[in-house]
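Quick caveat, the model's predicted, so the values are computed rather than measured. Both counts, for ligands and for their atoms, begin at 1 and track the order of listing.
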Amino acid sequence: MGKSLNNYLNGSFTPSIGQETLDIVNPSTLETLGQTPLGTIEDVDKAVEYAKAAFFSWSQVPAIDRVQPLFKLKMLLQDSVDEIATLIVKEHGKTFREAKGDILRGIQMVDVACGMPNLMMGESLQNIAPGIDCNTIRRSLGVFAGITPFNFPAMVPFWFWPFAVAAGNTYVLKPSERVPLTQMKIFELISKCGFPDGVINMVHGGKEVVNALLDHEDIAGISFVGSTPVAKHVYTRGSANGKRVQALGGAKNYMVMLPDAPVEQAVRAMVDSCYGCAGERCLAASVLVGVGEAYHKMKKQVLIEVAKVVVGDGLDPKTTLGPVISKEAKERIISDITTAIEQGAEILVDGREQTGEGYFVGPTVLDNIKTGTLMADKEIFGPVIGLMQVKTMDEAIDLINGSNYANTTSIFTTNGGAARDFINKVTPSMVGVNLGVPAPMAFFSFGGSKDSFFGDIKVHGASSVEFFTEKHTAMIRWYQEGSNEVVSPLWKD
Ligand code: NAD
């Protein structure tokens, strides 16, 4: 390593035209791992030209043959799980166990996309009128592009391209410029799977590459995952340019504990949710809300759980909390904690002085969070827990529904009726019952609402077929001796 990375264009690793680079830094050790080239409009033009050239013949390959390279990729990925997980730990900082989850969830996307011959079947009906049949097929659309965030270097790109490509489209991926090494390894495997040249391409870079993709007239659709301001920008600019866009944004996730919840189990799940991947997950809990007496039990147990947290390098098996991604992220989180205290939060555990060479923020617990303050409203994206007390479940639901974000929420209870009521009333579109990270798996659709999602069609599962295909309907009559005069009995005079 220690050198600028290549793009992957038309089946070959090719140097970027971009001259500027960004250092890739191990956030635990501060070692420089390499440089990401910041690609240009010309890099995007080349990638899209290859993807466009490959599209028609790929779209005509039978679906059962299009998924064969994905079966091969699944095997290669499976054999490389530990190697990929180690790369994720080095460039991202999460623990090895979390990194394995990152790649294993990605492999599940490949598994599900292999079912595309079934998933993309259409509809047909004989005799929609006498002698006329109707067939609706799902047709691929052309070149799609994906723009992904730093927090799941392996999994998030797999939310999109295996489905797009299996459905007969071609693809250009722009991974996060902060964690490109994981995708370099994955593309090394992709290059061995037998995809025709140009079907799957990768361009490294940042903002300039993103905007070039959004403006390119030969791109049919864009999938984006990242922060809310950029998601809004991608949705607005991409859709104004006539593209299909699905843009997943940030989150502020509340979890609610009722007095009848089993305290130890519930709090363990909630604390794991807050601190897993150093809080850098779009499904991470941020504010824990105790209803009535549940609040006191919850607070006591949170402090017991937090005392068990071990901060360190993700490659050390003892570590349960790795660093955050960058110096800027660390400074932003520390500043947010300070602001929360200035706004009246009480600090119970302070992670601001966490020692260590890397970008470490220690586990932090803030109590007495009030509505209208930073800790109640802003995505912190770090290992910070806010505690809040409310009198009733409905009050908790009002809090959740008052947020601009609506990604996920969970309730912890043994009362089925209360859980059902909660599911029905909350706005976030991914809801958990007694679960810290309620993530819909590859075969279900994923995505929030409000400022957490811009678009109409969610990602993976059945939604991927909706997003990556269009319905194409043919009404067909064949001329047959004597049969064309048949009239439905209902239409006779
Ligand atoms: P980010 O918005 O900084 O970057 C995401 C992508 O956008 C990157 O590929 C980056 O190169 C590009 N980008 C950044 N700034 C841009 C700009 N000004 N113009 C055009 N493109 C730009 O996000 P991040 O820090 O990499 O990821 C963390 C965010 O992603 C959090 O807000 C998190 O909640 C969100 N996220 C959401 C989901 C979800 O499912 N809703 C999943 C994972 C992450």
Could you pull out every N or O of ligand 1 that sits under 3.5 Å from a protein N or O, with the distance for each pair?
{"from": "ligand 1", "atom 1": "2 (O)", "to": "Ser227", "atom 2": "N", "distance (Å)": "2.9"}
{"from": "ligand 1", "atom 1": "2 (O)", "to": "Ser227", "atom 2": "OG", "distance (Å)": "2.6"}
{"from": "ligand 1", "atom 1": "9 (O)", "to": "Thr148", "atom 2": "O", "distance (Å)": "2.8"}
{"from": "ligand 1", "atom 1": "9 (O)", "to": "Lys174", "atom 2": "NZ", "distance (Å)": "2.9"}
{"from": "ligand 1", "atom 1": "11 (O)", "to": "Lys174", "atom 2": "NZ", "distance (Å)": "3.0"}
{"from": "ligand 1", "atom 1": "11 (O)", "to": "Glu177", "atom 2": "OE1", "distance (Å)": "2.7"}
{"from": "ligand 1", "atom 1": "11 (O)", "to": "Glu177", "atom 2": "OE2", "distance (Å)": "3.2"}
{"from": "ligand 1", "atom 1": "23 (O)", "to": "Ser227", "atom 2": "N", "distance (Å)": "3.4"}
{"from": "ligand 1", "atom 1": "25 (O)", "to": "Arg178", "atom 2": "NH2", "distance (Å)": "2.8"}
{"from": "ligand 1", "atom 1": "26 (O)", "to": "Phe150", "atom 2": "N", "distance (Å)": "3.1"}
{"from": "ligand 1", "atom 1": "26 (O)", "to": "Arg178", "atom 2": "NH2", "distance (Å)": "3.4"}
{"from": "ligand 1", "atom 1": "30 (O)", "to": "Gly226", "atom 2": "O", "distance (Å)": "3.2"}
{"from": "ligand 1", "atom 1": "32 (O)", "to": "Glu379", "atom 2": "OE1", "distance (Å)": "2.7"}
{"from": "ligand 1", "atom 1": "34 (O)", "to": "Glu379", "atom 2": "OE2", "distance (Å)": "2.6"}
{"from": "ligand 1", "atom 1": "41 (N)", "to": "Gly249", "atom 2": "O", "distance (Å)": "2.8"}

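Residues Asp43 and Ser16 bring a donor and an acceptor atom of their side chains to less than 3.5 Å of each other. Thr427 and Asn401 are linked by a side-chain donor-acceptor pair at a separation below 3.5 angstrom, with hydrogens and angles left out of the test.
Residues Phe13 and Phe187 place their aromatic rings such that the two centres sit no closer than 6.0 Å.
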Kindly list each side-chain donor-acceptor pair under 3.5 angstrom involving residues 363-372, sequence neighbours excluded, with atom names and distances?
{"from": "Thr364", "atom 1": "OG1", "to": "Gly351", "atom 2": "N", "distance (Å)": "2.9"}
{"from": "Thr364", "atom 1": "OG1", "to": "Gly362", "atom 2": "O", "distance (Å)": "3.1"}
{"from": "Asp367", "atom 1": "OD1", "to": "Tyr295", "atom 2": "OH", "distance (Å)": "2.8"}
{"from": "Asp367", "atom 1": "OD2", "to": "Tyr295", "atom 2": "OH", "distance (Å)": "2.9"}
{"from": "Asp367", "atom 1": "OD2", "to": "Lys299", "atom 2": "NZ", "distance (Å)": "2.8"}
{"from": "Asn368", "atom 1": "OD1", "to": "Lys370", "atom 2": "NZ", "distance (Å)": "2.8"}

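Every residue meeting the ring pair (Phe, Tyr, Trp, His ring centres under 6.0 Å) condition with Phe195, not counting sequence neighbours, appears here in chain and number order: Trp161. Under the ring pair (Phe, Tyr, Trp, His ring centres under 6.0 Å) criterion, His460 pairs with Trp159, Phe446, not counting sequence neighbours.
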